[in-house]
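Both backbone and side-chain heavy atoms feed into the values below; hydrogens, waters and symmetry mates do not. Sequence lines set the chain letters: A, B, ... in the order given, protein chains first and strands last, and positions in each chain run from 1.
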Amino acid sequence: MVSVTFPDGAQRQFPAGVTGFEIAKGISPSLAKRTIAMALDGVVVDLADPIQQDAKIEFVDREDPRALELIRHDCAHVLAEAVQALWPGTQVTIGPVIENGFYYDFFRETPFTPEDFVAIEKKMREIIARDAPLTKEVWSREDAISFFEKKGEAFKVELVQSIPGNEDLKIYKQGEWLDLCRGPHMTSVGKIGTAFKLMKVAGAYWRGKSENPMLSRIYGTAFAKQEQLDAYLKQIEEAERRDHRRLGREMDLFHFQEEAPGAIFWHPKGWTLFQTLVAYMRRRLSGDYQEVNAPQLMDKNMWEISGHWGWYRENMFMSKSAGDDTEDERTYAIKPMNCPGHVQIFKHGLRSYRDLPIRFAEFGVVHRYEPSGAMHGVMRVRAFTQDDAHIFCTEEQLAEECHKINELILSVYGDFGFGRIVVKLSTRPEKRVGTDAMWDHAEAVMMRVLDEIKARHGDIIETSLNPGEGAFYGPKFEYVLRDAIGRDWQCGTTQVDFNLPERFGAFYISPTSEKTPPVMVHRAICGSLERFTGILIEHFAGHMPLWLSPVQVVVATITQDADDYAFELIAAMRKRGLRVDADVRNEKINYKVREHSLAKIPVMVVVGKKEALEKTVSIRRLGSQAQTAMTMEEAIASLVEEATPPDVKRID
RNA sequence: GCCGCUUUAGCUCAGCUGGUAGAGCACAUCAUUCGUAAUGAUGGGGUCACAGGUUCGAGUCCUGUAAGCGGCACCA
């Protein structure tokens with residue numbers, strides 16, 4: 001007998017091996033009918049699973065949040081069945097649930113197109129309407145392999161072979177069709193319902209390895225209710241509206257063109273935004289860091305010494321004198337990173353342990369030959385500006401420096417309103433320099449710091465491990481922010497490097513007068529300022545806070561009678577440091593309001609005869625139809641206050 | 001880089017199964033001086049991404065190249 005505890009606390013005895021379905025049916029047929037799975041001690045399993053030991057039971061129905069994953073997973077199976085019904089010979093591989101839905105990867109001569117969706121969805125609806133029960137069987141390895149071999153499912157055979165011997169091979173059947181699957185699943189495919197949609201097709205490598213064959217992936221999503229699906233689709237639309245590429249065009253911030261793939265043409269307003277960010281970051285450095293600037297081009301031997309030429313060459317641009325008669329035949333590399341330059345500055349002169357830590361910062365423009373398919377607006381480019389710094393310190397100072405950087409990063413992100421931040425620790429990659437002992441040591445320090453960060457800032461920080469994802473010269477922390485469309489972007493980073501200073505023969509004189517290589521910490525707060533700008537644009541949906549907005553105020557006149565007053569106002573505002581434009585065109589005020597609203601100008605100051613006479617202004621804020629009247633002095637004072645960057649506000 | 005798709009005026013897009021380019025917005029000129037999301041009239045503007053090919057004839061079909069988009073892989 002087993003003792004089963006119900007959610008209300010009641011306990012009942014059942015023969016061992018009783019299924020959840022039997023228990024539910026014993027309570028009421030309607031409960032059995034609407035229950036799609038059960039949770040035993042909080043773990044969701046098949047309703048038909050036998051209960052072998054005492055457990056707390058919960059019956060999961062379609063409305064249960066935990067059912068969503070099952071609905072999507074079952075939907076992926078139905079997708080696979082539909083595809084094989086429509087195109088026999090298509091091989092199935094895997095079909096997992098992901099954050100906002102599911103996908104299924106197929107192997108097929110001709111990939112799917114979105115036009116196929118109509119037919120596939122129709123077939124899926126047929127399959128769901130048939131409501132075949134989902135039943136589980138455990139097969140032997142041999143049976144599974146021979147079954148899938150006979151079916152010509154080479155990928156499934158490979159999957160079976162890769163499952164550890166001590167694990168059961170579970171097969172889920174839905175009518176005639178079946179799939180190898182870990183489960184759990186609902187009781188029948190009819191429980192999926194009709195609130196599902198195929199979203200897009202894409203190529204994806206088998207098992208995520210670029211040397212493997214390319215599969216054809218179909219993405220889909222499913223919800224318990226149609227309203228939820230509709231809401232999700234609407235949310236996607238809204239996210240697309242705040243795509244930085246779209247806003248960049250609408251707000252006239254930047255553009256791209258064929259001649260410079262992966263490089264940004266910053267327009268006046270975009271560049272002002274960018275420079276406002278730079279100015280902010282520069283202020284945040286003062287006191288702790290010394291700003292430097294190292295050459296854009298250096299002889300490639302510099303990069304041979306650093307190891308980049310060996311490990312990173314595929315990603316580098318190089319350059320030579322273009323003249324026909326030049327005597328300089330040397331090959332120069334365009335810097336993909338700032339570190340070697342900073343090491344040269346460190347090396348210039350003799351350093352004492354008393355000088356450490358030395359922190360060199362640079363708004364360094366780097367060029368990296370990124371794969372063509374990687375480019376994405378200003379988020380992923382081939383030429384970008386890092387808010388980079390390199391800290392030369394002793395081993396004893398390392399942990400403290402990591403913490404100092406962490407505090408700065410969190411403070412900066414906080415100023416921009418980012419709440420949820422993921423910090424990942426990436427450990428040694430396969431391609432790397434340095435001894436295992438060095439890596440052991442560096443990783444141990446980083447691990448300790450990560451735990452401490454988590455303990456201090458667990459409320460806003462989520463931490464995780466990224467095994468094998470470190471830089472070739474050392475482990476790193478990655479600070480990840482999420483864009484409007486739910487894509488994650490690495491921004492800040494802290495990378496410990498026990499390698500580069502030694503390679504360049506950099507050292508300091510220790511208390512015992514010995515030449516000692518310093519520990520080097522590479523660090524960036526925004527990471528790429530271009531990317532960070534893009535994230536800001538999306539984060540604020542173009543409605544930048546006043547201090548960041550490239551044009552803060554537009555003074556618009558109603559008639560020409562107010563022109564002189566408008567210019568007087570503008571002069572007064574500029575004198576106080578506000579970024580103001582005039583709009584004295586011969587256009588209706590409606591037209592001007594509309595135009596500047598679309599351009600996302602945060603503040604419109606409207607002046608006509610009345611205001612000119614009284615020395616007042618009528619203020620209209622972006623996103624609101626309300627108008628506030630106040631005196632010129634009041635208006636300027638409050639705008640100046642609001643336009644003060646958050647870090648400057650903190651000073652007094 | 002890989003799979004698929006896309007590329008027509010400054011922008012957003014029409015252009016059926018091949019018969020020598022169209023709209024809206026924007027821009028220019030003129031009129032209008034009008035109190036909070038589009039005043040009206042007139043006008044200019046495209047070797048249809050680029051290079052080949054098929055055809056009597058290509059924006060439309062085929063091939064290649066480039067850039068972009070959605071993913072994958074890579075990454076700040």
Between [X] ([atom1]) and [N] ([atom2]), how many Å, whole number?
| X | N | atom1 | atom2 | answer |
| --- | --- | --- | --- | --- |
| His376(A) | rC69(B) | NE2 | C1' | 10 Å |
| Lys424(A) | rC75(B) | NZ | C1' | 12 Å |
| Glu370(A) | rA67(B) | CD | C1' | 17 Å |
| Met214(A) | rC5(B) | CE | P | 14 Å |
| His596(A) | rA38(B) | NE2 | P | 14 Å |
| Phe256(A) | rG10(B) | CZ | P | 20 Å |
| Glu478(A) | rC74(B) | CD | C1' | 13 Å |
| Gln490(A) | rC74(B) | CD | C1' | 13 Å |

Closest nucleotide among [options] to the [X] side chain:
| X | options | value |
| --- | --- | --- |
| Tyr205(A) | rA73(B), rG71(B), rC34(B) | rA73(B) |
| Leu598(A) | rA37(B), rA73(B), rG35(B) | rA37(B) |
| Ala202(A) | rU32(B), rG71(B), rC74(B) | rG71(B) |
| Pro111(A) | rC3(B), rG35(B), rU32(B) | rC3(B) |
| Arg531(A) | rA73(B), rU33(B), rA76(B) | rA76(B) |
| Tyr591(A) | rA26(B), rG70(B), rG35(B) | rA26(B) |
| Asn590(A) | rA37(B), rG35(B), rA67(B) | rA37(B) |
| Val606(A) | rG71(B), rU33(B), rU36(B) | rU36(B) |

Partner lookup for [N], please. Criteria are Watson-Crick or G-U wobble with both distances under 3.5 angstrom; report none if nothing qualifies.
| N | result |
| --- | --- |
| rA21(B) | none |
| rA49(B) | rU65(B) |
| rU42(B) | rA28(B) |
| rC75(B) | none |
| rG70(B) | rC3(B) |

Within the structure shown, what part of the strands sits under 4.0 Å from [X] by heavy-atom distance: base, sugar-phosphate, or nothing?
| X | result |
| --- | --- |
| Ser210(A) | sugar-phosphate |
| Glu611(A) | base |
| Lys588(A) | base |
| Arg368(A) | base |
| Thr557(A) | nothing |
| Ile589(A) | sugar-phosphate |
| Met379(A) | base |
| Ala524(A) | nothing |
| Val381(A) | base |
| Pro371(A) | base |
| Gln257(A) | nothing |
| Arg217(A) | sugar-phosphate |
| Lys610(A) | base |
| Gly492(A) | nothing |

Determine whether the aromatic ring of Phe384(A) stacks with the base of rA76(B), defined as ring centroids separated by less than 5.5 Å and ring planes inclined by less than 30°. yes

Which whole number of Å gives the distance between the [atom1] atom of [N] and that of [M]?
| N | M | atom1 | answer |
| --- | --- | --- | --- |
| rC69(B) | rU63(B) | P | 24 Å |
| rC27(B) | rA67(B) | C1' | 27 Å |
| rG45(B) | rA21(B) | C1' | 13 Å |
| rG46(B) | rC11(B) | P | 14 Å |
| rA41(B) | rC48(B) | P | 32 Å |
| rA23(B) | rU8(B) | C1' | 13 Å |
| rG59(B) | rC72(B) | P | 38 Å |
| rC25(B) | rG44(B) | C1' | 16 Å |

How about Gln625(A): does its CD atom have over 12 heavy atoms from other parts shown lying under 6.0 Å from it? no

If you count the non-hydrogen atoms of other residues, nucleotides and ligands that lie under 6.0 Å from CD in Glu109(A), is the total more than 12? no

Backbone N/O of Thr90(A) and side chain of Gln84(A): donor-acceptor pair under 3.5 Å: yes

Kindly say whether Phe477(A) contributes a backbone atom to a donor-acceptor pair with the side chain of Thr493(A) at under 3.5 angstrom? yes

Do Tyr473(A) and His522(A) make the cut of ring centroids closer than 6.0 angstrom? yes

Check this one for me: any side-chain N or O of Arg245(A) less than 4.0 Å away from OP1 or OP2 of rG70(B)? yes

Using heavy-atom distances to pick each residue's nearest nucleotide on RNA chain B, tell me which of Lys609(A) and Gly373(A) is more 5'. Gly373(A)

Select from Thr559(A) and Ala204(A) the residue whose nearest nucleotide in RNA chain B is closer to the 5' end of that strand. Thr559(A)

In terms of the angle between their ring planes, are Phe418(A) and Tyr413(A) parallel, tilted or perpendicular, with boundaries placed at 30° and 60°? perpendicular

Is the base of [N] touched by the side chain of [X] through a donor-acceptor pair closer than 3.5 angstrom?
| X | N | result |
| --- | --- | --- |
| Ser597(A) | rU36(B) | no |
| Arg620(A) | rA37(B) | yes |
| Asn315(A) | rC75(B) | no |
| Arg249(A) | rC11(B) | no |
| Arg207(A) | rC72(B) | no |

Answer yes or no: is there a side-chain heavy-atom contact under 4.5 Å between Val423(A) and Glu462(A)? no

Would you kindly say whether Asn315(A) and Glu370(A) are connected by a side-chain donor-acceptor distance under 3.5 Å? no

Does a side chain donor of either Tyr205(A) or Arg207(A) reach within less than 3.5 Å of an acceptor in the other side chain? no

Quick one: do Arg246(A) and Glu240(A) make a salt bridge, cutoff under 4.0 Å? no

